[in-house]
Amino acid sequence: MEPIIAPRKPVKRSRGRDRKRMPALAKQGKGSIVMSGLRGINANGFGQSYASRGMRALSSRLQRLERTSLKRERTAPQSARAADPDAQKYNLLLAERRQLRSSSSDAASRRHLETLLQDLDSRPMLAVTAPDRPERMPTMTTRLVGVAPDIDANTVTYQQSSGEVPIFGARVVVDVDRESKALVAVNGQLAPPPVRPAIARLSPIEAWRRLADWCAAPANLTDPAVAPTLTWYVDDAGTEYLTYRFRNTQLTPPKGDEVERDADPVACVRHARPGLCSYDYLVDAEDGSIRYYFASAPHFVPSPMCGIDCANELRKFYGLKVGESYILNDPQRDIVTYDYKFGNISEEPIPALPETAMPFPNHDIGDASPAAVSAHWHATLVFDFFNDVLKRNGIDDRGMKLVSVVNVYSGDDTSPTRPQWGNAAWWRNAMWYGQEKDATGTLMSFARHLDIIAHELTHGVTSSSSNLVYRDLPGALNESFSDIFGVFIANWYPEPKPVQDWNWEIGAGLGRNGGALRNFANPAAVGQPDHMRHYEPLPEYQDYGGVHRYSGIHNRAVHGIVTALDGDGQPIIPIRDAALLFYLTLVRLTPTSNFSAARRTLETVAGVYYADDPRREERLKAISEGYDAVGIV
Ligand SMILES: [Zn+2]
C-alpha cells in the first residue's frame with residue numbers, strides 16, 4: 001500500500017521559453033500503476049488535455065494543422081475539407097477541449113481518470129469506471145471539491161466504494177486546471193472492485209464484542225459511541241475482506257503490539273498522552289478477526305459526558321476534553337453548543353459567539369446548564385435520525401456542523417422582561433434558543449422542545465434540497481415537512497413508538513390558550529383548516545400567504561397515511577418506510593411544488609420503493625386515500 005506521489009507541477013501559462021520546454025515535460029507526463037493490494041495511480045498532465053496516446057500525438061500537431069487548414073480554407077472547396085481525416089480529428093479535438101472547459105471540475109476529473117485508466121490498459125481497474133457508461137463512475141463517490149491555491153488548480157477527491165461500501169484507503173485526488181479543466185495531476189490508490197457481495201455475517205454488536213475481547217476491554221465497556229460502517233479492506237496481498245470500521249474507540253490494542261509500536265517515535269508521542277489516544281479498528285464482518293487498526297487523530301477523541309436537562313432527566317452525550325475542561329463539542333457528529341450569556345441578537349452587529357464551545361470542569365456537568373444539555377442532546381437525536389433513518393449526512397447532506405446557541409435574547413435592551421425571549425429560530429445556519437420563566441420563576445430554555453428543534457432543523461434540510469419557497473402552498477408544504485420530521489423524531493426516541501401511541505401534537509403548551517401549535521390528527525383543534533375546500537389564497541403579507549395556516553391540510557393527509565392500519569392492526573406503511581418516503585419526496589420537490597405535486601411525487605417514490613413488494617397496491621392505496629381525505633388531488 002505504498003502510494004507513489006508524483007510531484008505536482010504548476011500549470012505553465014507563460015509563452016516563449018517555457019512553452020518550448022513543454023514537449024520534453026510531456027514525455028514524463030504519463031501515468032503509472034503500482035501493483036499491490038491497492039494500486040497506486042499517479043499521472044501528470046502538465047496542463048495538456050490528457051487524451052489517449054493517439055490523441056496526444058495529435059495534440060502536438062495542433063499548430064501545424066491549424067496552419068494547413070487555414071491554407072486549405074483558402075484553396076480547397078468545402079467538400080474536400082469535410083472529407084479530410086486530419087481536419088476531422090482536429091475539429092474533434094477542439095470540440096473536446098471546448099466541452100472540457102465548460103464542464104465542472106468533477107465531470108472533467110472523472111473524464112481524465114477514465115481516459116487515464118483506459119490508457120494504462122488496466123482491465124480490472126477499468127471496471128471501476130464502468131467503461132460502458134463513460135460519463136458515470138458509479139463506484140466513485142465525490143468527497144470534496146476544493147481549490148488548491150498554490151498550483152492554480154481545482155482539486156477533486158474521490159472515495160472509491162463498491163456499491164454503498166467504501167474501500168479502505170482507496171482514494172484518488174485529481175487536480176484540474178481551474179480554467180481549461182485540463183489535467184494537472186492524478187494521485188491516489190484504487191482497488192479492483194470486490195467480487196463478493198457485501199453481506200456481513202456478524203452483527204455490529206457481535207463484531208464489537210470480538211473487538212472488546214481482543215483488546216481485553218473491561219467488562220463494563222459500553223457500546224461504541226457511533227455505529228460502525230461496513231468497509232472493504234484490501235490487504236497487501238490483494239485479498240479483500242468485508243469489515244466493520246469502528247472509529248475513535250477508546251480501546252487499546254493488546255500489549256503484544258506495544259513494543260513494536262513504541263519503536264516509532266511518532267507513536268511514542270501519541271502514547272505519551274494516553275488520555276488523547278483512540279483507535280480505529282477494521283473488524284472482519286465474517287469471522288470477527290481484527291484486520292487492521294491504527295491510532296485515530298488525537299484531537300478527534302469524543303469524551304462521554306452527561307448532565308441534567310430541562311426535563312430534569314440525566315442525559316448522556318459526547319463532548320471533547322481540551323486541557324482540563326470538557327467542552328460541548330461532539331467531534332464525530334460535529335455538533336457544537338455555545339453559551340450566548342443572554343447576548344442580544346437584535347443588535348447590529350450581533351455579539352460574537354464565544355471562542356470555544358461551552359466549557360465545564362467535569363465530564364458530568366450535573367445541573368450546571370439544563371439549557372445546554374437539552375440543546376446538545378436534542379441536536380444529537382436529530383442528527384442521528386437524519387443519519388441513521390434518512391441516510392442524510394447532516395443538515396446539508398455534506399456533513400455541515402450543527403451549531404446550537406443557548407441563552408439568547410432578542411428585543412429591546414431596556415425591556416423589564418429581559419432576558420426572557422419566548423422563541424427559537426434556525427438562523428444564520430445555527431439554532432438560537434431563547435427562554436421564558438415558568439410558574440416558579442425559573443428560566444426555561446426553548447431547547448427543551450425536541451419537536452420544535454427537529455422542525456427548525458428540517459427547514460435547513462429543505463433549504464439545502466428542494467428549497468420550497470416560503471409562500472402560499474409551497475410555503476405551507478415547507479412548513480408541513482418541518483412538522484412531519486418534528487413529529488417523527490419526537491416519537492422516535494428513546495425508542496420508536498408503535499404508531500398507535502404516537503403524540504401527533506407539535507409544541508405542546510406553546511399555542512393559544514396553553515394548547516399545542518399544531519395537531520396532525522385534528523388541525524381544526526388549533527385553528528387550522530383541515531381540508532382543501534377551506535383553502536383561499538391569502539396575500540403575501542398575511543403569514544406569507546398562509547404558510548402556518550394551510551400546512552395543517554397536508555399534515556392531516558400525512559396523519560391518515562401513517563396511521564392507516566391493515567387487518568392485523570399493523571401500519572400499512574411501516575413508520576421507518578414512511579420516514580424515508582417522505583424524505584425522498586422532500587428532496588425531489590421543486591421550489592414551487594404545491595400539495596398536489598407532493599402527492600404525485602410521494603406516489604411515484606413509493607411506487608418505485610415498493611416495486612417488488614407483494615403489498616405494493618395496498619400501500620399505494622393508503623397514500624392515495626390519505627390525500628383524498630383532505631381533498632388534495
Ligand atoms: Zn417552521
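Remember, it's 1-based here, ligands and their atoms both numbered in the order they're listed.
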More than 12 heavy atoms from other groups under 6.0 Å of CD on Glu495: no
Side-chain (Asn407) to main-chain (Asp339) donor-acceptor, under 3.5 angstrom: no
Salt-bridge criterion met for Arg599 and Glu603 (N-O under 4.0 Å): yes
Between CD1 on residue Ile561 and CG on residue Leu602, distance to nearest 0.5 Å: 5.5 Å
Taking every non-hydrogen atom, the tightest pair across Leu443 and Lys437: CD2-CG, 3.8 Å
Number of protein N/O/S atoms that sit closer than 2.8 Å to the Zn ion (ligand 1): 3
Modelled atom types, side-chain donor and acceptor of Ser346 and Ser410, under 3.5 Å: yes
